[in-house]
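Just so it is clear: chains get the letters A, B, ... in the order the sequence lines come, proteins before strands, and each one is counted from 1.
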Amino acid sequence: MRFDLSRPFDLAMAMSPDLFLFVGAMALLLWSAIGRDGAAHQRRIGVAAIAVAAATLLLVVAASTRGWSAGPGIVAVDGFRWAADLVFLVGAIIAIAMSLDYNAREAIFAAEAHVLILLATGGMMLMVASRDLMMLFLGIETMSIAVYILTGIDRRSPRAAEGALKYFLLGAFSTAFFLYGIALIYGATGATNFQVISERIVALKLEQTPMLLVGVALLLVGFGFKMAAAPFHMWAPDVYEGAPTPITAFMAASVKAAAFAAFLRVWLAALGGVYAQWHDAIWWLSAITMCVGNIVALQQRNLKRMIAYSSVGHTGFILVAVASGTTQSAAAFLFYLVAYTFAIMGAFAVIVALGSPGAPRERIDDYNGLWFVRPGMAIAMAVFMLAMLGFPVFGGMGFFAKWYVLQAALQASAPQTRLAVLLVLTTTISAGYYLYVVMAMFMKPRPEGADQLPPTNGLSRFIIAASAGIILIFGVFPDPVARWTRTGVDLVPLAPQVEPNFTQSAVAR
Amino acid sequence: MIAESLALSAVLFTIGTIGVLTRRNAIVIFMCVELMLNAVNLSFVALSRQYGVTGQVFVVFVMTVAAAEAAVGLAIIISIFRHRQTVNLQNINLLKG
């Protein structure tokens, strides 16, 4: 079915999963305000939030199998959108499930916490659906404002307040850059719609207009902050360490994935015409991010901080896929997001499961000899670490994620050989800290007088086992996921706009 | 008029950026961010003289978002003031490494 987006009913149908999620979140927000704060109310709202997210997930799956498409307008209706939505929703469900126990344990009785995760997810879905800078801006802000609150949701923790303040100030600062970038692009092209922008850039030969160049640079800075790409990553470690652990997982996985998905769409759909000029900038961004993230992670002794720096490194790896700019690399990008989401969520779920009130157990030393007291947890954590490292077989999907990115980089029409070499080198560096965690868990003795670890309840055990299982199973059989990511990008008009001959074809049209 | 407005907007944006980078009081930094957002609004309004109403619509959205951001931001600043009795960023340094 092809939607005519100028008709309100078609527009509503094209946005139906997003609308459903927002209506559900609003209803839950009312409900959470009516009830009396407490552990029971918090759990009720959390379960209802998971139900809303799961129902949205089903709607997205249904929408993706209908073969919907849309004419020109402000929203995209394509496989890329549905694939990214699925990643965000799975991330949201795991994050809410994790915070059910975490919030009860840390006595965070604000039931809105779960609803805010839904609202942030709604913002992400808007971001990836947008084909207009105005809607992109609103999606980013819907997501960001919800996540600012989530970072500081633990009002009694001074670290959480500090993390929230830093995140808020730098986030608002980056929003201003992002917005000024939009204003200048609007000034240069006279449009905010991606397709119109890309057509006007080509038709009016705007590639070298100073206004457009400055606008694109500012947009890149804004996205760099949101993706935590070096040198705009300074906020990430502080914020990831200060935030409640389930929220850290949500930020490291879903928020970052959303920034990437939006970045990929803007870059290829709207700015395809100036891609050639900007290739070098993204190249350097990717190279610096890979080096900084992985090298600084080596010195970290706090596990949350270490994963924060490693996620900066992952930003660099994913940017390699963006720099390659082909359909194949967009598929590799989606695959990477899936593998990375499960690995991050699983690793943080282990951190949540092993902590207890007053003893967060976030230092790597707390994991010494974990194998001797909790063999299951140690094995799962090892799988997540190896998946982030990209180790074959035991790292499951993580290996294929890096493999596909490498393959896409080398098989692109302009092969990114140096980036590929850098990716392999920095991956080797990252082994230094991922394998250190594995070594600490399996080879170091459990320290004398280490306090008893708390029992893990069924829900946490299920999340951890499911994430590890998915990583391992699809690590042996990556084809279904790889095929799914390819159908995800077949519907995106990426390839023709990145190919060098795009200029002529657009003029001819 | 458009060129002058755009130049003024660029100057205001730069002043805001310098303010964010040099000041150490969270409230002042936030005010500088608001200055940057309003500088962008000026650009949008100026450009919409040339391109039609889109820029003005954008300004309405930006103001809405800025209001939401101010509500959340001031709440966060109050929460940190309750912990530290200061909003000076130099004294806020639990997280580092």
K.L.:
Residues two or more places apart in sequence or in another chain: which of them pass ring pair (Phe, Tyr, Trp, His ring centres under 6.0 Å) with B/F61?
P.N.:
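In terms of ring pair (Phe, Tyr, Trp, His ring centres under 6.0 Å), with neighbours along the sequence ignored, B/F61 is linked to no residue.
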K.L.:
Do other residues, nucleotides or ligands put more than 12 heavy atoms under 6.0 Å from B/R23 CZ?
P.N.:
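No, the 6.0 Å shell around CZ holds no more than 12 heavy atoms from other groups.
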K.L.:
Quick one, A/M124 with A/T142, criterion side-chain contact (heavy atoms from CB on, under 4.5 Å). Give me CA distance, side-chain angles, the key distance, then yes/no.
P.N.:
CA-CA 8 Å; A/M124 295 173 195; A/T142 310; over 6 Å; no
K.L.:
Heavy-atom pairs under 4.5 Å with chain B are the metric here; pick the option from A/A164, A/G171, A/A191 that has the most.
P.N.:
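It is A/A164.
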K.L.:
Please classify the contact of B/A10 with chain A as side chain, backbone, both or neither, using a heavy-atom distance under 4.5 Å.
P.N.:
both
K.L.:
Which atoms form the tightest heavy-atom contact between A/G190 and A/R200, and what is the distance?
P.N.:
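That would be O-NH1, 3.3 Å.
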K.L.:
Can you tell which part of A/S144 gets under 4.5 Å to a heavy atom of chain B, answering side chain, backbone, both or neither?
P.N.:
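It is neither, since no heavy atom gets under 4.5 Å.
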K.L.:
Just checking heavy atoms, which of residues 147-154 of chain A are less than 4.5 Å from chain B?
P.N.:
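Counting heavy atoms that sit under 4.5 Å from chain B, the residues of residues 147-154 of chain A involved are A/Y148, A/I149.
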K.L.:
Hey, mind stepping through A/L303 and A/I364 against side-chain contact (heavy atoms from CB on, under 4.5 Å) and telling me if it holds?
P.N.:
CA-CA 5 Å; A/L303 199 56; A/I364 300 180; 3.9 Å; yes
K.L.:
Between A/A308 and chain B, which part of the residue has a heavy atom less than 4.5 Å away: side chain, backbone, both or neither?
P.N.:
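Neither part.
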K.L.:
Using heavy-atom distances under 4.5 Å, tell me whether A/L138 contacts chain B through its side chain, its backbone, both, or neither.
P.N.:
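Contact with chain B involves the side chain of A/L138 alone.
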K.L.:
By a 4.5 Å heavy-atom criterion (distance strictly below it), what part of B/V87 contacts chain A: side chain, backbone, both, or neither?
P.N.:
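No part of B/V87 comes within 4.5 Å of chain A.
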K.L.:
Go through B/G73, B/A71, B/S79 and name the one with the most non-hydrogen pairs under 4.5 angstrom from chain A.
P.N.:
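Highest number of pairs under 4.5 Å: B/G73.
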K.L.:
Could you tell me which residues satisfy ring pair (Phe, Tyr, Trp, His ring centres under 6.0 Å) with A/Y180, sequence neighbours excluded, listed by chain and number?
P.N.:
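Testing A/Y180 for ring pair (Phe, Tyr, Trp, His ring centres under 6.0 Å), a comparison that skips the adjacent residues, returns B/F13.
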K.L.:
Run the side-chain contact (heavy atoms from CB on, under 4.5 Å) check on A/F22 and A/L126 step by step: do they pass?
P.N.:
CA-CA 11 Å; A/F22 275 117; A/L126 287 185; 4.0 Å; yes
K.L.:
Pick one of side chain, backbone, both or neither for B/V65, based on which atoms fall under 4.5 Å of a heavy atom in chain A.
P.N.:
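When you check distances to chain A, atoms from both the backbone and side chain of B/V65 fall under 4.5 Å.
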K.L.:
Under a 4.5 Å heavy-atom cut-off, does chain A meet the side chain of B/R82, its backbone, both or neither?
P.N.:
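Neither part, no heavy atoms under 4.5 Å.
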K.L.:
For A/F225 and A/F173, take the angle between the two ring planes, folded into 0 to 90°, and tell me which bin it lands in: parallel under 30, tilted 30 to 60, perpendicular over 60.
P.N.:
perpendicular
K.L.:
Between A/R301 and chain B, which part of the residue has a heavy atom less than 4.5 Å away: side chain, backbone, both or neither?
P.N.:
neither
K.L.:
Under 4.5 Å from any heavy atom of chain A, what part of B/T64 do you find: side chain, backbone, both or neither?
P.N.:
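It is neither, since no heavy atom gets under 4.5 Å.
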K.L.:
Is it the backbone or the side chain of B/T54 that comes under 4.5 Å from a heavy atom of chain A, or both, or neither?
P.N.:
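Both backbone and side chain.
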K.L.:
Going by the rule ring pair (Phe, Tyr, Trp, His ring centres under 6.0 Å), which residues pair with A/Y436 if we only count those two or more places apart in sequence or in a different chain?
P.N.:
none
K.L.:
Just checking, any donor-acceptor pair under 3.5 angstrom between side chains of A/Y167 and A/D238?
P.N.:
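No, no side-chain donor-acceptor pair sits under 3.5 Å.
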K.L.:
Let me know if B/L89 has heavy atoms under 4.5 Å from chain A in its side chain, its backbone, both or neither.
P.N.:
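The side chain, not the backbone.
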K.L.:
Check A/A270 against A/I201 and note the closest heavy-atom contact, atom names and distance.
P.N.:
O-CD1, 4.0 Å
K.L.:
Inspect the contact between A/E362 and A/K304 and indicate whether a charged nitrogen and a carboxylate oxygen are less than 4.0 angstrom apart.
P.N.:
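Salt bridge: yes.
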K.L.:
Measuring heavy-atom distances to chain A, does B/L35 have an atom under 4.5 Å in its side chain, in its backbone, in both, or in neither?
P.N.:
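Looking at B/L35, nothing touches chain A.
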K.L.:
Let me know if A/F177 has heavy atoms under 4.5 Å from chain B in its side chain, its backbone, both or neither.
P.N.:
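Both parts, heavy atoms under 4.5 Å.
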K.L.:
Looking at A/F232 versus A/F223, is the centre-to-centre ring distance below 6.0 Å?
P.N.:
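No.
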